[in-house]
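Below is a structure I'd like to ask you about.
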Amino acid sequence: MESQFLPLLGDRVFTNGKSRSSCIFTQQGRKGINQDAMIVWEDFMSEDVTFCGVFDGHGPHGHLVARKVRDALPVKLQSFLNSCESRQNGSGQTCFMGNSKKSDVGDLDKGGSVEDKLNSLWREAFLKSYKAMDKELKSHPNLDCFCSGSTAITIVKQGSNLFMGYIGDSRAIMGSKDSNDSMVAVQLTVDLKPDLPREAERIKRCKGRVFALQDEPEVPRVWLPFDDAPGLAMARAFGDFCLKEYGVISMPEFSHRTLTERDQFIVLASDGVWDVLSNEEVVEIVSSAPTRASASRILVDSAAREWKLKYPTSKMDDCAVVCLFLDGKMDSESDYDEQGFSSATLDQSNHSGNAAESDDGQKSEPCLQRNFTVRSAEENDTYTFGRLAVDGDSEAINAEDQSWSGLEGVTRVNSLVQLPRFSEERPDP
């Protein structure tokens with residue numbers, strides 16, 4: 001229901017273009033229809049609140065799942081916060097106390113109760129919104145999500161507060177200045193791959209299996225307990241209901257960060273970017289763009305070049321990028337127009353995320369057969385496992401999570417096998 005009202009709402013951009021404080025760009029890869037989607041929604045709950053999201057679909061209907069999540073998830077988050085504020089009858093103004101800045105760590109202790117309340121509110125909002133989104137997909141009458149799904153990386157900037165909720169392997173990083181005023185990359189999220197110890201342990205408890213195929217040892221996948229299918233290359237996703245009983249979940253990881261004046265911009269992107277560019281390279285490309293409005297396009301162009309140079313025989317993945325500039329400033333309209341964009345992309349009815357794309361999948365639906373897999377010699381030496389062992393020390397999981405990231409130089413589809421529906425054998429929960 002929510003998505004049909006989105007075209008009536010202002011301050012949103014979801015096709016290639018810019019907003020007051022951001023630019024976004026997506027480009028179709030060589031695997032079929034563009035399955036990536038993205039959105040920036042300014043004045044999301046009030047002034048100085050911005051919602052950003054990138055969604056990477058997979059499976060035969062992944063493009064439709066990604067667009068559905070893009071349209072409905074932010075509205076669900078907004079609706080939950082509005083209802084929360086109404087219930088609190090005045091105390092709900094905590095929702096909009098994000099403009100106050102902390103001068104030092106000591107202030108966090110003095111205002112700890114307010115900070116904790118704000119953090120708790122947004123955590124609950126993200127968790128409930130993601131749960132409601134997956135529930136809607138499961139019961140959707142016209143969208144088959146049994147073997148199709150989508151990642152989600154969503155952030156809300158509220159004054160100096162940054163709240164993040166995410167599933168799958170899309171990633172957010174931040175460009176920030178260090179003590180020498182040099183730009184550095186800060187990874188804000190963890191790529192939720194199936195071989196993360198915590199993720200693999202959960203999947204195993206639910207009787208799912210995690211292992212990589214012999215000819216692509218760097219791509220751990222999730223498999224059904226009774227069949228080598230579907231081979232999902234992530235541990236959390238919207239949709240993919242064939243695996244929801246076996247450890248794949250849609251519950252987001254949530255985190256909060258207090259922004260400082262040294263923090264310059266945030267980049268959200270699908271794994272088509274991270275497969276070929278490092279965090280540091282992305283920060284360098286964005287910070288050196290001739291205009292802010294061109295940063296996302298230049299980043300996608302850079303990723304496309306890297307695919308061709310490093311892996312000329314592979315199929316380039318779709319790429320989607322959101323660049324949010326934290327000082328709220330963009331270029332002048334004249335600078336923007338020189339880059340070949342049009343500011344008329346705000347609130348267009350084209351929901352494809354790609355002007356050359358149509359909902360009918362162009363010539364054909366994306367194929368679920370495994371693509372040619374490209375591995376460098378260095379990666380082959382590093383990643384030689386077949387089936388992942390998940391019996392480890394659980395106390396070390398949190399520390400290990402911070403160092404796990406998406407593998408670079410991997411070309412693959414996120415789901416290998418399309419399964420038939422077998423509703424007779426799967427009783428409703």
Any donor-acceptor N or O pair under 3.5 Å, side chains H256, N161:
yes
Between R202 and E199, does any NZ, NE, NH1 or NH2 come within less than 4.0 Å of an OD or OE carboxylate oxygen?
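Salt bridge present between E199 and R202.
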Out of the candidates T151, T189, D191, only one should pair with R171 under the side-chain hydrogen bond (donor to acceptor under 3.5 Å, both in side chains) rule; please name it.
D191
For R123, check salt bridge (Lys or Arg N to Asp or Glu O under 4.0 Å) against everything at least two apart and list the hits.
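R123: no salt bridge (Lys or Arg N to Asp or Glu O under 4.0 Å) contacts found.
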Donor-acceptor under 3.5 Å (R221 side chain, G231 main chain)
yes
R209 bridged to D228 by N-O distance under 4.0 Å:
yes
Is it true that a side-chain atom of W307 and a backbone atom of G272 form a donor plus acceptor pair closer than 3.5 Å?
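Confirmed, W307 side chain pairs with G272 backbone.
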Residues in salt bridge (Lys or Arg N to Asp or Glu O under 4.0 Å) with R257, at least two apart?
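In terms of salt bridge (Lys or Arg N to Asp or Glu O under 4.0 Å), with neighbours along the sequence ignored, R257 is linked to no residue.
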Do D327 and F265 come close enough that some side-chain heavy atom pair is under 4.5 Å?
no
Start with the C-alpha gap between E42 and S19, add the side-chain angles, then the distance that decides, and say whether side chain to side chain donor-acceptor pair (under 3.5 Å) holds.
CA-CA 8 Å; E42 294 179 338; S19 67; 2.8 Å; yes
Does R20 pair with D11 as a salt bridge, N-O distance under 4.0 Å?
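Between D11 and R20 there is a salt bridge, with a charged N closer than 4.0 Å to a carboxylate O.
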Which pair of non-hydrogen atoms, one from I203 and one from G247, has the smallest distance, and what is that distance?
CG1-O, 3.7 Å
Worked verdict on D301 versus R297 for salt bridge (charged side-chain N to carboxylate O under 4.0 Å, His left out):
CA-CA 6 Å; D301 288 345; R297 176 179 58 82; 3.5 Å; yes
Has S129 got a side-chain atom pairing as donor or acceptor with F126's backbone, closer than 3.5 angstrom?
no
Whether the side chain of D271 engages the backbone of D275 through a donor-acceptor N/O pair (distance < 3.5 Å, no angle test) should be reported.
no
What residues form a salt bridge (Lys or Arg N to Asp or Glu O under 4.0 Å) with K207, not counting sequence neighbours?
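For K207, no residue satisfies salt bridge (Lys or Arg N to Asp or Glu O under 4.0 Å) once neighbours in sequence are set aside.
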Under 3.5 Å, is there a donor-acceptor pair between the side chain of Y166 and the main chain of I155?
no
Any carboxylate oxygen within less than 4.0 angstrom of a Lys/Arg side-chain nitrogen, looking at D318 and K31?
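Between K31 and D318 there is no salt bridge, as every charged N stays at least 4.0 Å from the carboxylate O atoms.
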Is E136 salt-bridged to K76, cutoff N-O under 4.0 Å?
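A salt bridge is present here (some side-chain N lies under 4.0 Å from a carboxylate O).
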Quick one, K177 with D263, criterion salt bridge (charged side-chain N to carboxylate O under 4.0 Å, His left out). Give me CA distance, side-chain angles, the key distance, then yes/no.
CA-CA 6 Å; K177 290 186 176 180; D263 301 329; over 6 Å; no
Ring geometry between F44 and W41 (parallel below 30°, tilted from 30 to 60°, perpendicular above 60°)
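W41 and F44: perpendicular rings.
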To the nearest 0.5 Å, what is the distance between CZ on F238 and OG on S250?
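Spacing of CZ (F238) from OG (S250) equals 6.0 Å.
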